[in-house]
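Reviewing the structure listed below.
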Protein chains: 2
Amino acid sequence: MSTGAVRVLLADDEHLIRGALAALLSLEDDLLVVAEAASGPEALAMARAHEPDVAVLDLQMPGADGVKVATSLRTELPGCKVLIVTSHGRPGHLKRALAAGVRGFVPKTVSARRLAELIRTVHAGNRYVDPELAADAISAGDSPLTAREAEVLEHAADGAPVAEIAERAALAEGTVRNYLSSAVTKLGAENRHAAVRLARERGWV
Amino acid sequence: MSTGAVRVLLADDEHLIRGALAALLSLEDDLLVVAEAASGPEALAMARAHEPDVAVLDLQMPGADGVKVATSLRTELPGCKVLIVTSHGRPGHLKRALAAGVRGFVPKTVSARRLAELIRTVHAGNRYVDPELAADAISAGDSPLTAREAEVLEHAADGAPVAEIAERAALAEGTVRNYLSSAVTKLGAENRHAAVRLARERGWV
DNA sequence: CACCCGGCATGACAAATGTCAGAGACCGGT
DNA sequence: ACCGGTCTCTGACATTTGTCATGCCGGGTG
């Protein structure tokens, strides 16, 4: 079994890409696509049913994103290595992914041949993170926000007025403004909305 | 020549997808991928060099998006039909695309086989728009915003303060506030930031 | 223990934003 | 030529938001 083909699960909501990828990976003698999924929950179900060696997950999928699926797989199928592919490499996601026990994290700009190599790499027990994404994550550093600051900023994400945030967080309006101000200062933003964008980009909310 | 293979240009910034797609389309006897591009400008250059029959363009690419490329192609290579594929189907983009003379507009959730069919469809001179995207566009309706309202809202998109918007648009601050207020009311939003989001979703900015 | 530091929380004040009523320009219809 | 409507633009006013000084609590350090 260890010398047999690597059994692969493919999960991506874009049928066009998933199908094309399945076809290309099938050209590799030592890779076998045993299941495909178009959503997070479906990916989990397929993984339980087929117990693949490697799961190739898109980061953004309906239902549950790649990292959430990886977290569930971590406990349910410890032997299944997870490789995440993504279009928009946001630093915070990489951090979350590694915390979830993901073994590989690459942007979709890699070639199919390279992806096949990486599937073998993670199957062999090694890790691989795209160097550019890693650099971004390192330069972004850890979140300087305290728990409350992050919480309030999250509530402010959809442009809600302070009164609404205060109610949802059970705080006085002045307090909410205070946390927002503090977060804005720490992030070096012009106002809270720019702060939300920045925190999003760095994956801190 | 009219009975020969359809010459196709493929443009998508995600190498993984572009390569996979090229491989799958090559399996079709009557389709021939003659060029690939990873950015808007590159797509234009490739189109000039190879004069394809059909250009399959991703909507979101670095440099110039699919619609911009289509606009340029419209005048430079009138014989080249354009088919746009997209991950996130935002209604306004569809409208812009049709105005730019695009012949087909589909989400990436279609299968490769279906895409091959559609390439033949547009090459034959017919149009095709994904029914679901079309329904969204119709239900979204036309933009209720006036030219100035849309312009001001666009300047406000990145969370800039009113003073900055006023300077960039060469208007008094009061006027800017007025346009923003009007736009917010028309869109039924709580504040200008929510208004920006809504307008974005509907493709009105 | 006494001390200091950082996070949490608040209200008061200053600054930015949202709302309003109204004046002039332009266009299409009568 | 006239009128009604819409778009454009403005300043004045009310509301919301951002900033500041301050007090409280708990966790480390000397």
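- Protein chain B contacts DNA chain C over a range whose 5' and 3' limits, counting nucleotides with an atom under 4.0 angstrom from a non-hydrogen atom, are C:dT17 to C:dA21.
- Around atom CZ of A:R200, no more than 12 heavy atoms belonging to other residues, nucleotides or ligands sit under 6.0 Å away.
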Short heteroatom pairs, N/O only, protein and nucleotides 6-9 of chain D, under 3.5 Å:
from	atom 1	to	atom 2	distance (Å)
D:dT8	OP2	B:T146	OG1	2.7
D:dC9	OP2	B:R148	NE	2.8
D:dC9	OP2	B:Y179	OH	3.1
D:dC9	N4	B:N178	OD1	3.2

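- Within the 4.0 Å cut-off from OP1 or OP2 of D:dT17, at least one side-chain nitrogen or oxygen of A:R192 is found.
- Comparing B:V176 and A:A160 against DNA chain D, the residue whose closest nucleotide sits nearer the 5' end is B:V176.
- At a threshold of 4.0 Å, the pair B:E117-B:R113 does not count as salt-bridged, since none of the basic side-chain nitrogens sits closer than that to a carboxylate oxygen.
- Not one N or O on the side chain of B:D65 forms a donor-acceptor pair closer than 3.5 Å with the backbone of B:Q60.
- With salt bridges taken as basic N to acidic carboxylate O contacts below 4.0 Å, one links B:R148 and B:E151.
- Both A:S181 and B:G174 lie near DNA chain D, and the one whose nearest nucleotide falls closer to the 5' end is B:G174.
- Distance alone, capped at 3.5 Å, places no donor-acceptor pair between the B:D13 side chain and the B:S39 backbone.
- The residues A:R177 and A:E173 are annotated as salt-bridged, a charged nitrogen and a carboxylate oxygen being separated by less than 4.0 angstrom.
- Side-chain atoms of A:E14 and B:S87 include a donor-acceptor pair closer than 3.5 Å.
- Rounded to a whole Å, the CD atom of A:E173 is 9 Å from the C1' atom of D:dT16.
- Of all heavy-atom pairs spanning B:R114 and B:Y128, the tightest one is NH2-OH, 3.6 Å.
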